[in-house]
Each structure stands twice: as structure tokens, then as C-alpha cells.
Amino acid sequence: MNLSSTLYTEYSFQIAFIWGRTLIDHTEYRAEIAAWLVDNCPAGARGPGQVANGSSKIELESDVAKWLEACVEQGLTAPTWPKEYGGGGLSNSEAKVFYEEMGKIKARSPLVGMGMSMIGPTLLEYGTDEQKQRHLPKIVRGEVQWCQGYSEPNAGSDLAALMSRAEDQGDHYEITGQKIWTSGAATADWMFILVRTDFDAPKHEGISFMLLTMDQPGVTVKPIQLISGISPFCETFFDSASALKEDLVGELNKGWTVGKRLLQFERSGIGGLSGGARPAQPGAGLVKVAKSYIGEVATDSTQTRILDPAIRQQVTTLNMNRSAFQLTAQRANEENKSGIPGAATSIFKLYGAALQQDGAALKRELMGFSGLGADNSAGFSDEELNTTSEWLGSKATTIYGGSNEIQANIIAKRVLGLPE
Ligand SMILES: Cc1cc2nc3c(=O)[nH]c(=O)nc-3n(C[C@H](O)[C@H](O)[C@H](O)COP(=O)(O)OP(=O)(O)OC[C@H]3O[C@@H](n4cnc5c(N)ncnc54)[C@H](O)[C@@H]3O)c2cc1C
């Protein structure tokens with residue numbers, strides 16, 4: 001699969017989420033930003049395709065690079081972040097107008113990734129001024145790609161069981177151990193990592209949250225091949241790797257609190273709450289796919305509908321669920337003026353993941369055997385190959401960012417207050 005389609009698969013949900021928003025009023029700013037978008041968003045940065053993620057190891061198509069540069073100049077890669085860190089300093093409602101106007105011309109997100117959606121917001125809440133000054137401007141300018149060093153071979157759902165350790169060496173921390181399922185590690189420049197710094201404390205209390213560069217002799221990355229044919233994630237080994245003392249985020253041994261908050265940002269992205277991270281949006285265009293593969297029937301001289309009533313019902317149900325979910329996410333955002341909610345993000349993660357899987361499965365099913373292509377040697381189109389790949393890739397949505405069962409546990413305990 002080529003890079004563009006990989007990135008489209010991963011980030012199209014964000015774009016569709018933006019396209020799906022209800023328009024709000026903000027007349028003067030709207031006119032201004034609409035004109036700016038027409039002038040500054042090149043044709044090659046509209047519709048599906050490559051999206052910048054900050055990696056210094058991935059070459060950007062020229063229109064994508066131009067679009068990124070234009071947004072960086074205006075602080076529009078992170079519209080609501082403070083201007084002093086390179087953000088746009090916009091209010092939430094202005095940012096919303098910006099997204100709505102982007103949606104009208106199908107402008108792609110100028111920049112995505114864990115810097116924007118996970119470590120950036122976490123540093124804004126927990127970083128020192130010095131850490132914000134050092135890391136945030138590079139994130140908003142798309143100069144660094146970040147990866148997440150949380151899971152270990154024996155610490156996934158039970159993340160606090162992690163055993164990678166960091167030892168104080170006076171001027172730096174020395175990190176030894178192994179992480180697994182590290183998305184993007186092969187192209188990332190920096191990692192945020194959870195490490196054990198106190199082996200005698202109860203497991204949640206001896207963990208610290210640090211930042212380290214990937215390009216150093218003590219870090220080795222080995223890609224893992226997936227069922228969908230791509231290798232977006234890796235095993236990462238640390239052999240006396242080094243993290244600067246000033247890259248400890250929050251207090252020593254109090255990293256669990258920081259790490260949990262970052263997970264809420266991650267889950268809100270997956271669930272479409274922040275419009276900030278990933279899943280594919282396979283529901284988009286389902287009617288078109290159904291008409292083309294199943295057939296259509298005229299309802300009057302200008303309109304048609306899906307031929308098979310049972311399939312029509314399936315497509316309509318899925319699209320209605322998608323709309324209801326997007327409206328609920330939008331309402332939750334508006335109710336949370338102070339930003340991304342806490343444990344309630346698990347509700348959106350749980351349902352958003354299921355919706356994504358259902359949509360991917362239905363689209364593949366509508367295509368019949370054409371939705372089961374492995375490569376284009378047998379004449380499958382790019383859209384058909386992408387559909388197969390999205391369907392296989394969607395299997396992971398109920399696992400990454402914390403599995404369904406873990407989200408259900410959080411909802412039961414932290415949202416509903418049920419006994420353990
Ligand atoms: C595509 C993808 C990308 C990922 N990217 C990253 C990344 O960038 N960085 C990173 O650190 N990690 C990443 N992960 C790892 C991910 O966070 C873990 O896979 C996930 O947390 C589950 O952990 P595990 O795989 O060890 O499964 P396990 O924890 O072993 O769970 C196995 C099964 O047991 C169930 N289970 C476990 N505990 C309980 C419980 N208490 N109650 C009920 N059921 C339970 C789980 O729900 C699951 O079904 C990624 C995973 C995927 C699939």
C-alpha cells in the first residue's frame with residue numbers, strides 16, 4: 001500500500017469529522033478565513049491523500065508541504081494552542097469556524113500525529129514552561145514525529161505492571177528494557193515513555209513519565225508486520241538509552257497521573273471527541289459503494305436508491321448511528337468548555353471503535369469478493385484494496401488505546417461509580 005493511502009486510512013476520520021460538523025455563526029472571521037483557505041490550500045491538499053505527521057524521515061508531496069507551511073505561519077496547525085508556542089490562539093468557537101470552512105473545500109488536516117493529539121495537550125497541562133517552550137513549537141511546525149512507549153510484552157491492559165526502568169545517573173536518566181506495539185517508532189524522532197523509577201513502591205506509584213530522542217545508540221527499533229500488510233508498529237529496545245533530566249514530565253514516581261491523562265487525549269482522538277487523531281471513516285460514501293456494487297433503482301426522474309431493501313436498511317442504520325455519534329461528540333465538546341473530559345472519554349472510545357469496525361465490515365461486504373483484494377495483480381482497484389486494508393486495520397480499533405473490556409471497566413468504575 002502506498003504512503004498516501006496509509007495515511008488516509010489512519011487519519012480520514014478526523015477529516016470526515018471536520019466535514020460532518022454543523023455550521024455555527026461567526027460572520028466576519030468566517031469570511032476572512034474562507035478567503036484565506038481558498039488562497040492557501042493547494043488542490044493537492046484537498047480530499048483524500050497524504051497528511052503530514054512531522055516525521056523528518058517521510059518526504060512530503062509538494063502541495064502537502066505548502067499547505068503545512070501556510071498553516072504553520074498562521075498558527076493553524078494547532079488553532080487553539082497559545083500563540084507563544086506557535087499555536088493560533090483562537091477561541092474554541094473560532095477554531096470550529098476554521099474547521100467548518102476547511103470542510104467546505106475538503107481541505108485535509110495540515111498536520112496530525114501523536115505530537116498534536118497526545119503529547120502536545122499533555123505538555124500544555126503538565127509540562128514546565130521550559131518544556132513547553134522547547135517541545136511545543138517543534139510539534140506545531142511539524143518538525144518532529146512522536147511515538148508512544150507504553151505497552152510492554154507483559155504490560156498491556158495491566159499497564160502499571162511495566163518493567164522498563166530508568167536510573168538516575170546524575171545529569172540524565174539511563175533507560176533499559178523493552179516496549180512493544182510502538183506505532184510509528186521506525187519514523188519517529190521522539191518518544192514519550194512510562195518507566196519504572198521505584199521498584200519498592202506499589203506498582204502505580206513507582207512510575208515516571210519521560211521524553212527521549214529515538215536517534216541515539218541505546219534505542220533499537222524492529223518493525224512488526226501486520227495482517228493488513230503494513231508495518232506501522234514496532235518492538236523498541238532500550239539498552240542504556242538516555243533521557244535528559246529536564247525531560248522528566250511531572251514529578252519523579254508520579255508519572256501514572258500524567259500517563260493516564262495522555263490516554264484520555266488518545267481516547268478522545270479515537271472516539272472523535274477532539275477531532276484530533278485517527279480511525280478511518282468507512283461510513284463515508286457507503287451509499288455510493290452500495291449503488292455501484294449492488295445496484296440502484298430510480299425513485300423519480302432525478303434520484304435513485306439502493307436496489308436491495310435489506311442492504312438499504314443496513315447502510316441507513318449505520319449512517320444514522322454515525323450521525324448520532326458525531327452529534328453526541330459535538331455536544332460533549334461544547335459542554336466541556338474546559339477541554340477534553342476525563343474518564344467519560346472511554347464512552348466515546350468504546351462506541352467510536354465499534355462504529356468504525358461495523359462501517360469497515362459493511363463496506364467490504366458491499367463489494368463482495370472485490371473487497372477481498374491482497375494486491376493489484378488481480379485487477380483490484382485502489383479503492384477496493386484500500387477497503388480490504390481498512391477492514392483488516394479496523395480490527396485493531398477495539399484494542400489500541402486500551403481494549404473494549406478495559407474501557408467498559410473504566411466506564412463502570414469511574415463514570416457510573418459501580419462497585420468493583
Ligand atoms: C494497532 C495498534 C497500535 C498500538 N500502538 C501502540 C503504541 O503506539 N504504543 C503503545 O504503547 N502501545 C500500542 N498498542 C498496544 C495496545 O495499547 C495494547 O495492545 C492494548 O492495551 C492491550 O494490551 P495487550 O495487547 O497486552 O493485551 P492484554 O492486556 O494481554 O489483553 C488480552 C485480552 O484480555 C482482556 N483483558 C485484559 N485485562 C482485562 C481485565 N482486567 N478485564 C477484562 N478483560 C481484560 C483484554 O481486553 C484483551 O481482550 C497498539 C496496539 C495496536 C493493536
Side-chain angles (χ1 to χ4, degrees), residues 6-7 9-11 13 53-55 112-119 122 145-164 175 177-196 203-204 207 209-212 214 219 221-238 255-256 258-260 262-267 269-270 277-280 346 349-350 352-354 356-357 360 389-414 418 420:
T6 306
L7 291 171
T9 300
E10 294 207 353
Y11 300 116
F13 181 79
N53 73 350
S55 173
V112 295
M114 295 185 186
M116 299 298 305
S117 61
M118 288 155 73
I119 187 63
T122 306
Q145 182 192 348
W146 285 81
C147 65
Q148 177 185 35
Y150 274 33
S151 306
E152 297 185 4
N154 292 312
S157 300
D158 185 12
L159 184 58
L162 61 92
M163 294 301 280
S164 290
I175 300 176
Q178 184 197 344
K179 296 290 173 181
I180 195 164
W181 320 128
T182 327
S183 299
T187 52
D189 307 289
W190 279 79
M191 170 184 275
F192 47 90
I193 188 170
L194 286 173
V195 282
R196 190 157 297 287
K203 66 179 181 179
H204 293 88
I207 292 172
F209 188 107
M210 298 178 182
L211 316 174
L212 76 154
M214 295 295 280
V219 177
V221 169
K222 292 190 181 166
I224 301 169
Q225 187 79 9
L226 291 188
I227 191 175
S228 54
I230 48 174
S231 294
F233 60 23
C234 308
E235 290 178 284
T236 312
F237 299 89
F238 307 92
W256 188 246
V258 184
K260 267 196 316 187
L262 183 136
L263 281 174
Q264 289 169 354
F265 288 120
E266 178 178 11
R267 288 166 188 160
I270 298 169
R278 45 182 8 190
S346 290
K349 201 276 174 180
L350 184 71
Q356 193 194 349
Q357 277 187 357
S389 175
E390 275 179 18
W391 170 63
L392 292 170
S394 75
K395 304 287 177 197
T397 57
T398 48
I399 304 172
Y400 59 65
S403 68
N404 268 8
E405 290 76 13
I406 295 307
Q407 302 317 308
N409 283 349
I410 294 171
I411 295 165
K413 200 169 154 188
R414 309 255 174 241
L418 299 176
E420 292 216 30

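Worth saying up front: this structure is predicted, and the values here are computed from it rather than measured. Note that ligands are numbered from 1 as they come in the structure, with each ligand's atoms numbered from 1 the same way.
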Taking 4.0 Å as the limit for heavy-atom contacts, which would you say applies to [X] with ligand 1: side chain only, backbone only, both, or neither?
{"X": "I406", "result": "side chain"}
{"X": "S403", "result": "side chain"}
{"X": "N409", "result": "side chain"}

Can you list the ligand 1 atoms lying under 4.0 Å from a non-hydrogen atom of [X]?
{"X": "Y150", "result": "11 (O)"}
{"X": "A396", "result": "1 (C), 53 (C)"}
{"X": "Q148", "result": "7 (C), 8 (O), 9 (N), 10 (C), 11 (O)"}
{"X": "M114", "result": "8 (O)"}

Could you check whether any side-chain N or O of K179 sits under 3.5 Å from a backbone N or O of I193, counting only pairs where one atom can act as donor and the other as acceptor?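 Side chain of K179 to backbone of I193, a donor-acceptor pair under 3.5 Å: no, none is there.
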
Please state which option from [options] has its nearest heavy atom closest to [atom].
{"atom": "atom 36 (N) of ligand 1", "options": "A161, S157, P153", "result": "S157"}
{"atom": "atom 2 (C) of ligand 1", "options": "F192, F233, W146", "result": "F233"}
{"atom": "atom 15 (C) of ligand 1", "options": "S151, G393, G149", "result": "S151"}
{"atom": "atom 43 (C) of ligand 1", "options": "E152, K395, E405", "result": "E405"}

So, applying side-chain hydrogen bond (donor to acceptor under 3.5 Å, both in side chains) with S346, which one of Q407, R414, K413 is it?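 Answer after filtering Q407, R414, K413: Q407.
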
Hey, which of Y150, Y400, W181 is the one that makes ring-ring contact (aromatic ring centres under 6.0 Å, His included) with F233?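 Result for ring-ring contact (aromatic ring centres under 6.0 Å, His included) with F233: W181.
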
Are any non-hydrogen side-chain atoms of Q148 and L263 less than 4.5 angstrom apart?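 Yes - at least one pair of side-chain heavy atoms lies under 4.5 Å apart.
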
Give me the atom names and distance for the closest heavy-atom approach of R196 to K203.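 Closest approach of R196 to K203, heavy atoms only: NH1-O, 3.2 Å.
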
Before you tell me yes or no, could you show the steps for E235 and I224 under side-chain contact (heavy atoms from CB on, under 4.5 Å), namely the whole-Å CA-CA distance, both residues' side-chain angles and the distance that decides it to 0.1 Å? CA-CA 7 Å; E235 290 178 284; I224 301 169; 4.0 Å; yes

Count the heavy atoms belonging to other residues, nucleotides or ligands that lie under 6.0 Å from CG of N154, then report whether that count exceeds 12.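 Count not over threshold, so no.
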
Looking only at the side chains, is there a donor atom on one of T398 and Q357 sitting less than 3.5 Å from an acceptor on the other?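 Side chains of T398 and Q357: pair found under 3.5 Å.
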
